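Read through the structure below, which is laid out as structure tokens, and then see the notes.
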Amino acid sequence: MLDPQLLRNNPDDVKKAMQKHGADLDLDFFNQLETQRKEIQIRTQNLQNERNKRSKSIGIAKAKGEDIQPLLDSVSQLGDDLKAAEVELQGILSELHDIQLSLPNVLAEEVPDGKDEDDNIELRTWGNIPDYDFDVKDHVDLGQSLAGINFELGAKIAGSRFVTLTGPLARLQRALTQFMLDMHTDQHGYQETYVPYLVNKESLLGTGQLPKFEEDLFKMANDSPYYLIPTAEVPVTNLVRDEIIAADDMPLKYVAHTPCFRSEAGAYGRDVRGMIRQHQFEKVELVQIVKASDSEQAHEALTHHAESILQALNLPYRLMLLCSGDTGFSSSKTYDLEVWLPGQNTYREISSCSNFRDFQARRLKARWRNPETGKPELVHTINGSGLAVGRTLIAVMENYQQADGSIKVPDALQPYMGKLTSISL
RNA sequence: GGAGAGAUGGCAGAGCGGUUGAAUGCACCGGUCUUGAAAACCGGCAAGGGGUCAAACCCUUCCAGGGUUCGAAUCCCUGUCUCUCCGCCA
């Protein structure tokens, strides 16, 4: 959510910023609502003031034992007027609130203009793309020949975009998860966190998935109020909803491993082959709650933390700065990490690291108390995948494949694999 | 699932339907005292919104949503959550 003051005082600037982020703000409509709001709010508050004063005087008169009836009579009309004004005000406020909830974040200055992922900017690459002296397979073929990945079983049990893992490959995914969690807790100072996988509407409003992106979510059937989380970002960031955090506790750094559930409603036909795009996948998520003054630095640091996993696994990747058209609704600036996938001969997203600045915090009412002023200030929220575990599994399989179809276990994972050095049939 | 109790400021905890946005304590901030600190004492200290150059001032908020009333933290209804006891259970 944007600062309402900004919206009121600089509507033209906001409109421009919204257009850069692919949204439109109907200024005439907004200004008209604002004018009405102001007028009705003042009128309502005057009436409330009048009622309060009269009620108070009735109380005083009664305490003195005076006759109250004339006072009561003089108040009768007031109640109706007030009720009408309050209803009217409520309507306008909720309309304005809806507009505010539907507006995306203002993008950081350095975010380049662009339409889609083709306009993203490559900031740097890491690692060497290997040459293979044999025909490389993708993870689907590798997984099938190793009898460890089975899409048919996934489809039978659930449907399309589901998968089963078996044996060493299932363990490899667990190893990756453990490895990532250990690295982030032991070396990067994150606190391991366990959170619900089902969340309520308030949480999704807080982080910005609702109200605009309900179709991307799985909702529980019947009258259950729960949604499956599309990312740990939702429950973890909502840890600080409605909280005022002590200065000494800042920054907060959380890491959580959760499954993630996405409807992929807009992705028919995309990535239908393989494990790239599933309804259910594992992810290790990094979340930082920081002071406004620290957020850019924290965003860089968090991105490095995600990168360090790829480096430790010796997986080639590149760092992308997302353009305006590809940056998410709530984000002001997003870096994507794209890992090299030999089977697809291309880079694919494996982590997305975003700085939301105060956008989520305002929806969440997440604040910290600044000792210098004694006042609560909105926090900045930052998160990123560290990493998407399912895709990391794919990357390891494809990058560590051998001519005979076996997969070498990366050194960093061997302690988690019972010292297994190679996966073969 | 059954029976009961509860939800109030950063925390703890009072609060006969009437000048209560809310006693008190802790924490926190400023000051006096002290070589310094502690203690003691004095003062300040909720959030959000409107308003103003800045103030003054005004409105809202005591879990949430409805209701009763001139007036609700206080009474009524619904929901959520927490605690205690019983039952069941990974």
Side-chain angles (χ1 to χ4, degrees), chain A residues 1-9 30-31 33-101 194-206 210 220 222-227 235 238-250 252 289 291 358-379:
Chain A
M1 203 156 81
L2 303 174
D3 184 352
Q5 295 296 347
L6 189 71
L7 206 50
R8 276 175 213 157
N9 300 333
F30 176 79
N31 287 331
L33 278 178
E34 257 305 305
T35 312
Q36 283 182 49
R37 190 218 97 225
K38 209 158 192 170
E39 189 265 312
I40 296 167
Q41 181 163 345
I42 289 170
R43 181 151 51 87
T44 306
Q45 294 192 349
N46 285 340
L47 285 167
Q48 286 170 329
N49 179 227
E50 192 60 30
R51 177 206 58 196
N52 291 345
K53 281 199 290 204
R54 295 203 192 187
S55 294
K56 211 165 267 187
S57 68
I58 290 174
I60 293 170
K62 198 174 176 187
K64 289 181 185 161
E66 294 169 3
D67 182 18
I68 298 171
Q69 199 52 46
L71 286 169
L72 288 181
D73 293 342
S74 75
V75 161
S76 61
Q77 180 60 37
L78 195 61
D80 295 341
D81 292 349
L82 177 56
K83 189 137 282 178
E86 280 175 339
V87 168
E88 200 178 352
L89 179 63
Q90 192 103 59
I92 298 231
L93 285 178
S94 88
E95 257 187 284
L96 281 166
H97 191 62
D98 288 348
I99 291 177
Q100 287 174 337
L101 282 179
Y194 173 79
V195 290
Y197 303 157
L198 299 176
V199 294
N200 57 33
K201 209 166 208 161
E202 287 70 32
S203 294
L204 290 156
L205 278 167
L210 290 179
M220 294 293 109
N222 303 324
D223 293 328
S224 173
Y226 301 123
Y227 294 79
N238 271 276
L239 290 170
V240 296
R241 170 151 55 91
D242 292 320
E243 300 288 341
I244 298 175
I245 300 155
D248 291 347
D249 295 334
M250 297 284 283
L252 293 169
I289 312 295
K291 304 171 187 173
D358 61 11
F359 185 87
Q360 291 182 325
R362 188 169 290 108
R363 292 170 165 240
L364 293 162
K365 294 185 186 66
R367 295 161 294 176
W368 70 287
R369 194 175 295 278
N370 185 342
E372 285 171 25
T373 59
K375 294 292 173 193
E377 293 178 13
L378 291 171
V379 300

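What you are looking at is a predicted structure, and each value in this text was computed from that prediction instead of being measured. By convention in this document, chain letters (A, B, ...) are assigned in the order of the sequence lines, proteins followed by strands, and residues within each chain are numbered from 1.
Taking atom C1' in both B:rA14 and B:rG25, one finds a spacing of 11 Å when rounded to whole Å. Look at the P atom in both B:rC86 and B:rA72: the space between them is 42 Å, to the nearest Å. Taking the C1' atoms as reference points, B:rC41 lies 39 Å from B:rC53, given to the whole Å. When the P atom is compared between B:rG87 and B:rA3, the two are found 16 Å apart, to the nearest whole Å. Nucleotides B:rG9 and B:rA23 have their C1' atoms positioned 13 Å apart, rounded to a whole Å. Nucleotides B:rG17 and B:rC81 have their P atoms positioned 30 Å apart, rounded to a whole Å. For the C1' atoms, the distance from B:rG13 to B:rU52 is 38 Å, rounded to whole Å. When the P atom is used for both B:rG10 and B:rA47, the distance is 7 Å, rounded to whole Å.
Heavy-atom neighbours of A:Tyr197 OH from other residues, nucleotides or ligands within 6.0 Å: above the threshold of 12.
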Reading 5' to 3' through nucleotides 44-65 of chain B, protein heavy-atom contacts under 4.0 Å coded B for base, S for sugar-phosphate only, - for none: ---SSBSS------BSS-----

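A:Arg362 contributes a side-chain N or O that, together with a main-chain N or O of A:Met1, makes up a donor-acceptor pair within less than 3.5 Å. Judged by distance alone, the side chain of A:Ser55 and the main-chain N or O of A:Asn52 form no donor-acceptor pair under 3.5 Å. Although no hydrogens or angles enter the test, the distance criterion places a donor-acceptor pair under 3.5 Å between the side chain of A:Arg363 and the main chain of A:Leu205. Panel note: side chain A:Asn200, backbone A:Tyr226; no donor-acceptor pair is recorded below 3.5 Å.
Here A:Glu34 pairs with A:Arg8 in a salt bridge; the nearest charged N to carboxylate O distance falls below 4.0 Å. For A:Glu377 and A:Lys291, the salt-bridge test fails: no basic side-chain N is under 4.0 Å from an acidic carboxylate O.
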Polar pairs (N or O, both sides) under 3.5 Å between protein and nucleotides 13-18 of chain B?
unit_1	atom_1	unit_2	atom_2	d
B:rG18	O6	A:Lys62	NZ	3.2
B:rG18	N2	A:Ser55	O	2.6

Base-pair map of RNA chain B as dot-bracket, where | denotes pairing with a different strand and pairs are Watson-Crick or G-U under 3.5 Å: ((((((((.[[[..)..(.....]]].(((((.......))))).(((((......))))).[[[[[..)....]]]]])))))))....

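Checking A:Lys53, A:Arg54, A:Gln48 one by one against A:Glu50, the side-chain hydrogen bond (donor to acceptor under 3.5 Å, both in side chains) holds for a single residue, A:Arg54.
The closest side-chain heavy-atom distance from A:Val379 to A:Met250 is below 4.5 Å. Between A:Asp242 and A:Leu364, the closest side-chain pair of non-hydrogen atoms is not below 4.5 Å. A:Lys375 places none of its side-chain heavy atoms less than 4.5 Å from the side chain of A:Asn370.
Between the C1' atom of B:rA27 and the CG atom of A:Asp249 lies a distance of 14 Å, rounded to the nearest Å. Nucleotide B:rC70 holds its C1' atom 12 Å from the CG atom of A:Asp80, rounded to whole Å.
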